[in-house]
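Each remark here refers to the structure printed beneath this line.
Please read these numbers as outputs of a predicted model, since none were measured by experiment. Every heavy atom of this structure was used, including side-chain atoms; hydrogens, water molecules and symmetry mates were not.
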Amino acid sequence: MADTALTAPLRSPLSHAADRLAAATRTSGGAVRLAELPFLTQITVRLDPKGAAADAVGLALGLQLPVEPGTVVRAGELTALWLGPDEWLVVAPPGGRRGLESRIREAAGDEPVSVVDVSAQRTTLLVAGPRAHDLLAHGCSLDLHPRVFGPGRCAQTTLGRTQVVLVARDDPRAGFWVLVRSSFAGYLTDWLLDAAVEWTG
């Protein structure tokens, strides 16, 4: 009997909500833009930021792992998020999990390093548009003013009572990434759509 697990098409956690997100974007008249960015590669990396592995991994990825709390470094298609003093999340386009994981492990060599593929753990919501800050402020206690939480910033926080990783993209017009656990993605999407009704009617 064929192994259907290997041949079944991938289904994102929010595939059922794509039409509703697109409709909210249209009816907002450009005030907000909501969409899922499914299947992004997400690799958690833990290592000593002052050790040899940090420099080697940075060279292999073509970016320096950020060392300032709550910051983001981007190079090409890779984005590295600071999650803790010795922890980062490396985000890349879909489909690159194995290659990216191997590059990090090989670069670290014999140095102590933890590399974990968490791509299936979360999905990513895009929240953009001139009213993106206002929409997120409905359910997030962070000060999201661009002077405080501008491009290149990230935080582990709550949005609508849901644990998320919030990322301010490198161009203010690009809005925010909201990385949310797949099991809470539907709830958070409903919350966002409800909070956006002020602009979507």
Side-chain angles (χ1 to χ4, degrees), residues 13-14 17 20-22 24-38 40 42-46 49 54 63-75 77-92 118 121-201:
L14 294 175
R20 292 167 60 215
L21 292 168
T25 297
R26 284 193 307 273
T27 57
S28 77
V32 293
R33 185 160 58 98
L34 301 172
E36 182 190 18
L37 305 176
L40 292 181
Q42 299 182 42
I43 305 289
T44 297
V45 180
R46 299 199 71 166
L63 56 75
Q64 186 174 4
L65 294 173
V67 292
E68 183 184 337
T71 57
V72 176
V73 171
R74 185 174 181 206
E77 294 185 317
L78 296 182
T79 303
L81 316 178
W82 185 97
L83 296 185
D86 66 350
E87 182 178 6
W88 297 267
L89 182 68
V90 180
V91 183
V118 294
Q121 184 187 70
R122 301 187 191 97
T123 191
T124 304
L125 281 157
L126 172 69
V127 181
R131 293 293 187 172
H133 287 91
D134 300 323
L135 173 56
L136 294 172
H138 277 300
C140 183
S141 61
L142 294 179
D143 182 351
L144 298 177
H145 192 282
R147 284 195 303 264
V148 178
F149 196 80
R153 303 295 302 181
C154 68
Q156 297 182 79
T157 185
T158 56
L159 176 62
R161 300 184 180 179
T162 303
Q163 292 285 334
V164 300
V165 178
L166 186 64
V167 182
R169 300 294 287 140
D170 48 4
D171 180 339
R173 292 169 297 180
F176 298 86
W177 278 353
V178 181
L179 283 65
V180 58
R181 288 185 182 272
S182 298
S183 55
F184 288 93
Y187 163 79
L188 186 61
T189 296
D190 289 342
W191 183 90
L192 283 167
L193 290 168
D194 185 60
V197 75
E198 178 177 347
W199 303 286
T200 62

Candidate pair L21 and L125, rule side chain to side chain contact (heavy atoms under 4.5 Å, CB included), full reasoning
CA-CA 10 Å; L21 292 168; L125 281 157; 4.3 Å; yes
From [X] atom [atom1] to [Y] atom [atom2], the distance as rounded to the nearest 0.5 Å:
X	Y	atom1	atom2	result
L188	T162	CG	OG1	5.0 Å
T123	L40	OG1	CG	7.0 Å
T124	L37	OG1	CG	6.0 Å
L193	R20	CG	CZ	5.0 Å

Step by step, work out the side chain to side chain contact (heavy atoms under 4.5 Å, CB included) result for V127 and L34.
CA-CA 5 Å; V127 181; L34 301 172; 3.9 Å; yes
Can you list, pair by pair, the side-chain donor-acceptor contacts under 3.5 Å of residues 135-145, counting residues two or more places apart and other chains?
unit_1: D143; atom_1: OD1; unit_2: H145; atom_2: N; d: 3.0
unit_1: H145; atom_1: ND1; unit_2: R147; atom_2: N; d: 3.0

Looking at [X], I want to see if its [atom1] is surrounded by more than 12 non-hydrogen atoms of other residues, nucleotides or ligands under 6.0 Å.
X	atom1	answer
Q121	CD	yes
R33	CZ	no
F149	CZ	yes

Minimum-distance pair of heavy atoms, taken over all atoms of [X] and [Y]:
X	Y	value
A80	L63	CB-CD1, 3.8 Å
P13	S182	CG-OG, 3.5 Å
A168	G150	CB-O, 3.1 Å
A54	L65	O-CD1, 4.4 Å
V72	C154	CG2-CB, 3.6 Å
V180	Q163	CG2-O, 4.2 Å

Apply the test side chain to side chain contact (heavy atoms under 4.5 Å, CB included) to residues E68 and R153: give CA-CA distance (whole Å), side-chain angles for both, the deciding distance (0.1 Å), then the verdict.
CA-CA 10 Å; E68 183 184 337; R153 303 295 302 181; 3.3 Å; yes
Show me the donor-acceptor pairs within less than 3.5 Å that the side chains of residues 194-201 make with the rest of the protein, sequence neighbours left out.
unit_1: T200; atom_1: OG1; unit_2: A196; atom_2: O; d: 3.2

Within the distance-only criterion (no hydrogens, no angle test), does the side chain of W177 pair as donor or acceptor with the backbone N or O of R169 below 3.5 angstrom?
no
Does the pair Q156 and L89 meet the rule for a side chain to side chain contact (heavy atoms under 4.5 Å, CB included), with working shown?
CA-CA 11 Å; Q156 297 182 79; L89 182 68; over 6 Å; no
Those residues at least two apart in sequence (or on a different chain) that pass side-chain hydrogen bond (donor to acceptor under 3.5 Å, both in side chains) with R46 are D86
